[in-house]
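Both ligands and their constituent atoms are indexed starting at 1 by order of listing. The shown structure was predicted, so the numbers you read here are calculated from the model rather than taken from an experiment.
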Amino acid sequence: MSDTNSPGQPDSGNSGELSWPEYLTGGESRGAVPPGAQAAEPEGHARPRRVIGTPPPAAARTLLATDGGASREAARELPAEPDDPRRAKRVEKIVAACFIVAGLSGLAFMVFYGTIGVGSITNVLHSNLALGGSMALMFLLLGIGAVLWVRHLMPTVEMAEDRHPMAATPQERAAFKETFQQGAEASQFVKRPIIRRSLIAATIPMAVAPIFLLRDMGPLPGTSLDTTVWRKGLRLLVYGTGRPITAAEFNSPGALISVGPEGYLENDNAMAKAAVSLIKFRPGELVYGPPARPGGPSVRNKVVPNWTVDNIVAYSKICTHLGCPAALYEQTTHRILCPCHQSTFLATEGARVIFGPATRALPQLPIGVDSEGYLIATGPFNEPVGPSFWERS
Ligand code: FES
């Protein structure tokens with residue numbers, strides 16, 4: 001069969017087929033009609049031709065001009081119109097339909113996100129299905145539309161280019177501009193406004209949809225990171241029993257108990273910052289000094305005198321290094337130890353840091369007693385609790 005000709009062999013008579021040497025020389029090697037003189041083709045409209053045999057290296061197949069630019073225009077020419085305008089019109093409608101449905105899928109994604117709650121497992125399943133399905137459909141239809149557009153409306157031309165110096169010459173820049181304009185024309189992007197507009201409309205929801213996901217990050221924290229639920233008058237409830245405690249009941253020097261604010265003991269979010277260690281000391285053990293300046297760097301390294309009751313001191317239980325519970329207490333040395341990275345705080349001196357990576361003393365909670373003798377907070381912490389990177393936000 002003539003189809004099996006080897007590269008360089010003469011063609012066996014099938015006039016529509018060229019061997020590679022003939023293809024590269026425009027058919028001159030076998031005396032074919034010269035390029036541009038084919039009577040059956042419309043002027044300026046080069047149809048892709050069937051080529052027989054193993055292709056030579058890419059360098060030999062380049063369509064770029066090798067004669068200093070004289071033939072560049074002819075070599076780079078792309079057909080501006082598809083071969084079959086009626087078929088192209090059909091494909092155009094299909095592509096536009098794909099883009100429009102893709103855009104609607106993007107809108108559906110946003111509607112599903114706003115309307116399907118996630119309060120239960122079933123709702124989460126429904127939400128995932130609706131969001132995943134609508135987003136998958138959006139990308140699928142965009143892809144199908146793009147593939148149909150490229151395969152059926154843009155010309156099929158093989159082009160190769162040798163490596164060349166990185167800096168483009170003026171001629172190359174002009175050639176690029178020309179190629180770009182030809183490509184833009186051949187892509188029909190300008191000429192077919194329905195495709196262009198439907199594609200733009202489809203991509204708008206795609207760009208906006210991720211913004212909706214920002215809602216999942218929750219409301220802005222405001223000043224909530226700097227404060228706890230402790231306020232004046234809240235009783236100190238013993239963690240575990242939930243009972244208030246009097247100074248008289250807590251009378252074993254060296255003892256430490258965990259307490260939380262009245263009404264918040266079951267609230268994990270509140271307790272994550274409001275947990276407090278209550279420590280009883282012997283008379284004369286505490287070293288008193290002024291409180292830290294609110295809003296300024298923590299300089300407190302003494303116990304604030306009027307924030308204690310009968311040698312009972314309340315310190316935040318949240319380590320100022322990275323927020324672990326600093327709950328180990330060595331009563332003979334009065335050291336509070338954080339087990340995470342061994343930060344150590346001296347309880348008799350305002351819980352100042354004496355070892356480890358923490359840089360700030362444990363905040364002290366001002367306490368007093370109410371009319372019934374129960375321990376209460378006489379105010380909030382006067383500095384942020386927890387890790388130091390929030391401390392002066
Ligand atoms: S979190 Fe306490 S020492 Fe690191």
Side-chain angles (χ1 to χ4, degrees), residues 217-218 220-230 236-240 250 253-261 264-281 285-304 307-308 312-367 377 379-393:
M217 298 179 77
L220 292 173
T223 58
S224 63
L225 298 176
D226 295 339
T227 58
T228 69
V229 295
W230 283 108
L236 279 57
L237 303 190
V238 179
Y239 202 72
F250 190 44
L256 180 149
I257 56 173
S258 295
V259 297
Y264 295 95
L265 226 45
E266 305 300 325
N267 183 334
D268 290 340
N269 281 338
M271 285 301 292
K273 291 192 299 175
V276 162
S277 298
L278 205 61
I279 308 175
K280 172 79 175 179
F281 295 91
E285 285 182 333
L286 292 176
V287 179
Y288 293 105
R293 181 164 55 88
S298 179
V299 294
R300 177 179 54 79
N301 57 7
K302 304 281 189 298
V303 176
V304 182
W307 288 4
T308 64
I312 298 172
V313 185
Y315 290 122
S316 167
K317 199 170 183 173
I318 313 304
C319 179
T320 52
H321 176 224
L322 291 179
C324 285
L328 301 179
Y329 183 56
E330 201 175 59
Q331 56 175 272
T332 53
T333 57
H334 310 300
R335 291 176 176 177
I336 302 170
L337 180 72
C338 175
C340 287
H341 312 100
Q342 285 70 54
S343 284
T344 307
F345 307 88
L346 189 55
T348 50
E349 297 187 12
R352 69 179 175 88
V353 181
I354 57 172
F355 182 78
T359 57
R360 200 159 62 90
L362 295 173
Q364 184 183 346
L365 181 72
I367 58 173
F381 287 107
N382 78 329
E383 55 187 317
V385 303
S388 295
F389 56 83
W390 323 115
E391 76 181 298
R392 299 293 178 255
S393 59

Inspect the surroundings of CZ in Phe355 and state if more than 12 heavy atoms from other residues, nucleotides or ligands are less than 6.0 Å away.
-> no
Just wondering, do Val303 and Phe281 contact through their side chains at under 4.5 Å, heavy atoms?
-> no
Nearest protein heavy atom to atom 1 (S) of ligand 1, by residue and atom, and its distance?
-> Leu322 N, 3.3 Å
Less than 2.5 Å separating the SG atoms of Cys319 and Cys324?
-> no
Which is the closest N/O/S atom of His321 when seen from atom 4 (Fe) of ligand 1?
-> ND1
Per residue His341, nearest N, O or S atom to atom 4 (Fe) of ligand 1 is named ND1
Should the heavy atoms of other residues, nucleotides or ligands under 6.0 Å from OH of Tyr239 be counted, would the total exceed 12?
-> no
Note, Glu330 side chain near Leu337 side chain (heavy atom, < 4.5 Å) = no
At a 4.0 Å threshold, what atoms of ligand 1 neighbour a non-hydrogen atom of Ser343?
-> 3 (S)
Cys319 atom SG and Cys338 atom SG as seen from atom 2 (Fe) of ligand 1, angle to 10 degrees | 110°
Subset of ligand 1 atoms that lie under 4.0 Å from at least one heavy atom of Cys324 | 1 (S)
